[in-house]
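In what follows, chains are A, B, ... by sequence order, proteins preceding strands, each numbered from 1.
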Amino acid sequence: MASKTLIPAVKGTREFYPEEMAQRNFIYEKARQASRLFGYQEWDAPFLETIELYAAKSGEELVKEQSFVFPDRGGDLITLRPELTPSLARMIAQKQNELVFPVRWWSFGPFWRYERPQRGRTREFFQWNVDMLGVNSPEADAELIAVAATFLKLVGLTPEQATIFVNNRRLMDAQFDALQISPEKRMEVSNAVDRRAKMEAAKWDEYVLELGLKREQLDGLKQILGNYDLWQQSEELIRLFNALEALGVKDYVRFDPNIMRGLLYYTGTVFEAFDVSGSVRRAILGGGRYDNLLRDVGGDPLSGVGFAMGDVVIGILLKEKGLIPAFIPSPAPVLVTVFDASLWMASYSLAAELRAEGWNVITYPEPAKLPKQFKFADRMGVKVALVLGPEEAASGKVTVKNLATATQESVARIEVSAAIRRMLATN
RNA sequence: GCGGCUGUAGCUCAAUGGCAGAGCACUUGACUGUGGAUCAAGGUGUUGUGGGUUCGAGCCCCAUCAGCCGCCCCA
């Protein structure tokens, strides 16, 4: 075999053979459908950006450790985009005076992060981003969560399988204040909260105490993190859940004080969706409200809320739950066989006529034994096979065979289209 | 960047330091105008790569590359 001489694909990339491509398109289509149901507009940003764009606001780790950065021929440092939000902020800021607000935009495209590939994580991935800018309210936050929940519903995930957990940064800050955890320590404590599910309870306690918290602060923190009624102390969250109920997606959403999210720029509502059955322990999607992003890139202050979903984790999940539609190899339901060399072009003409009528038609590319051609039709998932042999040619007919039922009929050439339509209808 | 596991036929895997194998898949035929099922026949490999130990290495040792799983971080 030639395997020795094959140049391998770049580490952490995925190759989309037609079956994987169909899966990716399934996810894309459902994301598109959910976005459009709420009236969001599709948009995109450059895949290449300068490193300065991310240096301004993204986390240091994301820029320094996890970005693909390389000099272009002029010596400028170019970055393969690791996230979309900074580009969004710039594009909004550039046209801040002409856009119709609120802006409701969605996007689905490739991103790159230089990470160690592992389950649910690749270096090249596709991400669905949905954002609303120009409205700062819990009701707007609820709409974004509803878009996410609608997606989960559209792909067939039930609330028992996938749940969106919600928290609020301001609420948690108030709680931390009450415990007299200093603002400088909030970040570290937040990170600790993020990691809590992955650590043993005793070890986590130890870890938090090492951060400099006192024993009673730790106890207080644990009390907060175990209080699932805490949302009732937040006017924002009360309004949020009220709106979620009206939007018909409350089943998918639960308050959870343990949801923090590492990203610096979230200021209010934060949320993350997880596979509740627990096979993939990574977030399916995550998002929240960001108040300062536009100002940080040099625009006028403008609040936004949004979320992102990578294609990798949701792909694993959908596959596991059997929610990816069966793969049909050929997009053509009709195969025209080629009986022999003398009738080859007659078959091609027949195929051309059917295409002119709007059918997707695949031909066998050369004369071959019929068993071989039928086997090919079968492997390609074709529903109907046409035979134009000497008998048919002599009588001006075409044999139309329904591969699912193994029945066939010989019909006049002008009747072929109707015969195909009948067979496809009964399948 | 750190830790662990695994690399054998196209795929999934087996082989006590002693002749490198099985199932599936594939090709052909049974069947010269009809697919899936069945049966028969057939091909298969520098055992990831490079060194070392040994009379002898798929197996042991070292290095290297790749993949997977976890840490970090996050979609």
Side-chain angles (χ1 to χ4, degrees), chain A residues 1-14 27 31 58-67 81-85 107-130 148 151 191 194-195 198-199 260-264 266 271-275 280-288 306-317 335 337-340 343 364 367-393 398-408 410:
Chain A
M1 289 299 106
S3 60
K4 260 188 96 175
T5 59
L6 281 180
I7 295 162
V10 172
K11 188 187 186 80
T13 60
R14 285 166 298 159
I27 293 168
S58 302
E60 200 166 298
E61 168 123 15
L62 188 60
V63 179
K64 288 192 175 158
E65 310 289 341
Q66 297 196 339
S67 291
R81 62 179 188 184
E83 59 167 332
L84 189 63
T85 312
S107 181
F108 188 97
F111 293 85
W112 293 266
R113 288 188 191 171
Y114 196 83
E115 285 189 282
R116 185 81 181 244
Q118 55 191 284
R119 182 170 161 84
R121 286 290 176 271
T122 57
R123 286 182 175 180
E124 181 178 65
F125 57 96
F126 289 82
Q127 191 169 277
W128 176 39
N129 284 267
V130 189
F151 171 85
N191 278 336
D194 264 342
R195 295 172 62 177
K198 290 181 182 173
M199 293 174 78
M260 296 301 293
R261 300 192 52 71
L263 286 179
L264 302 164
Y266 291 122
F271 56 95
E272 268 182 338
F274 283 94
D275 168 22
V280 190
R281 288 177 64 193
R282 293 176 185 283
I284 298 168
L285 57 87
F307 69 88
M309 180 190 78
D311 71 312
V312 183
V313 171
I314 189 73
I316 292 171
L317 207 60
L335 170 84
T337 60
V338 176
F339 192 87
D340 60 25
L343 288 160
Y364 203 82
K369 290 178 179 176
L370 282 178
K372 197 170 177 182
Q373 298 192 45
F374 273 81
K375 193 163 189 168
F376 174 75
D378 206 41
R379 297 290 298 272
M380 292 304 287
V382 165
K383 304 279 190 292
V384 174
L386 307 188
V387 179
L388 181 49
E391 288 170 22
E392 288 86 351
V398 174
T399 295
V400 183
K401 178 165 183 174
N402 185 338
L403 291 170
T405 59
T407 56
Q408 65 181 43
S410 197

Measure the distance from CG on Asn402(A) to C1' on U34(B) and round it to the nearest whole Å.
13 Å
Side chain of Arg282(A) only, heavy atoms from C-beta on: which candidate in C73(B), G35(B), G33(B) is closest?
C73(B)
Leu403(A) CG - G36(B) C1' separation (whole Å):
10 Å
Please determine, for the side chain of Lys375(A), which listed nucleotide (C68(B), G35(B), A75(B)) has the closest atom?
G35(B)
Using a 4.0 Å heavy-atom cut-off across all strands, classify Arg121(A) as base, sugar-phosphate, or nothing.
base
Take atom CZ of Phe274(A) and atom C1' of A75(B), then tell me their distance rounded to the nearest Å.
11 Å
Considering only the P atoms, how many Å lie between U6(B) and C62(B), rounded to the nearest integer?
14 Å
Options G70(B), A75(B), G29(B), nucleotide nearest the side-chain atoms of Lys369(A):
G29(B)
G21(B) to U44(B) separation - C1' atoms, rounded to the nearest Å
12 Å
Could you list, one pair per line, each protein nitrogen or oxygen that sits under 3.5 Å from a nitrogen or oxygen of nucleotides 37-42 of chain B, together with the distance?
none

No-H, no-angle donor-acceptor pair, Gln373(A) side chain to U34(B) base, under 3.5 Å
no
Base, sugar-phosphate, or nothing for Ala308(A), non-hydrogen atoms under 4.0 angstrom?
sugar-phosphate
P-based separation of G1(B) from U8(B) [nearest Å]:
25 Å
Taking atom C1' of C74(B) as reference, at what distance in whole Å does atom CZ of Phe111(A) sit?
14 Å
With no angle test and no hydrogens, is the base of A75(B) tied to the side chain of Glu115(A) by a donor-acceptor pair under 3.5 Å?
yes
Taking Watson-Crick and G-U wobble pairs with both distances under 3.5 Å, convert RNA chain B into its dot-bracket string, 5' to 3', dots for unpaired and | for cross-strand pairs.
(((((((..((((....[..)))).(((((.......))))).....(((((..]....))))))))))))....
If I pick the P atom on U38(B) and the same atom on G48(B), what distance separates them, to the nearest angstrom?
33 Å
Assess the side chains of Thr399(A) and Glu392(A): does a donor N or O sit below 3.5 Å from an acceptor N or O?
yes
With P as the reference atom in both, quote the distance from G51(B) to G36(B) in angstrom, rounded to an integer.
49 Å
Considering only atom P, compute the distance from C74(B) to G3(B) and round it to an integer number of Å.
22 Å
G35(B) and U27(B), which share atom name P, separated by this distance in whole Å
15 Å
Taking any heavy-atom pair under 4.0 Å as a contact, classify Ile284(A): base, sugar-phosphate, or nothing.
sugar-phosphate
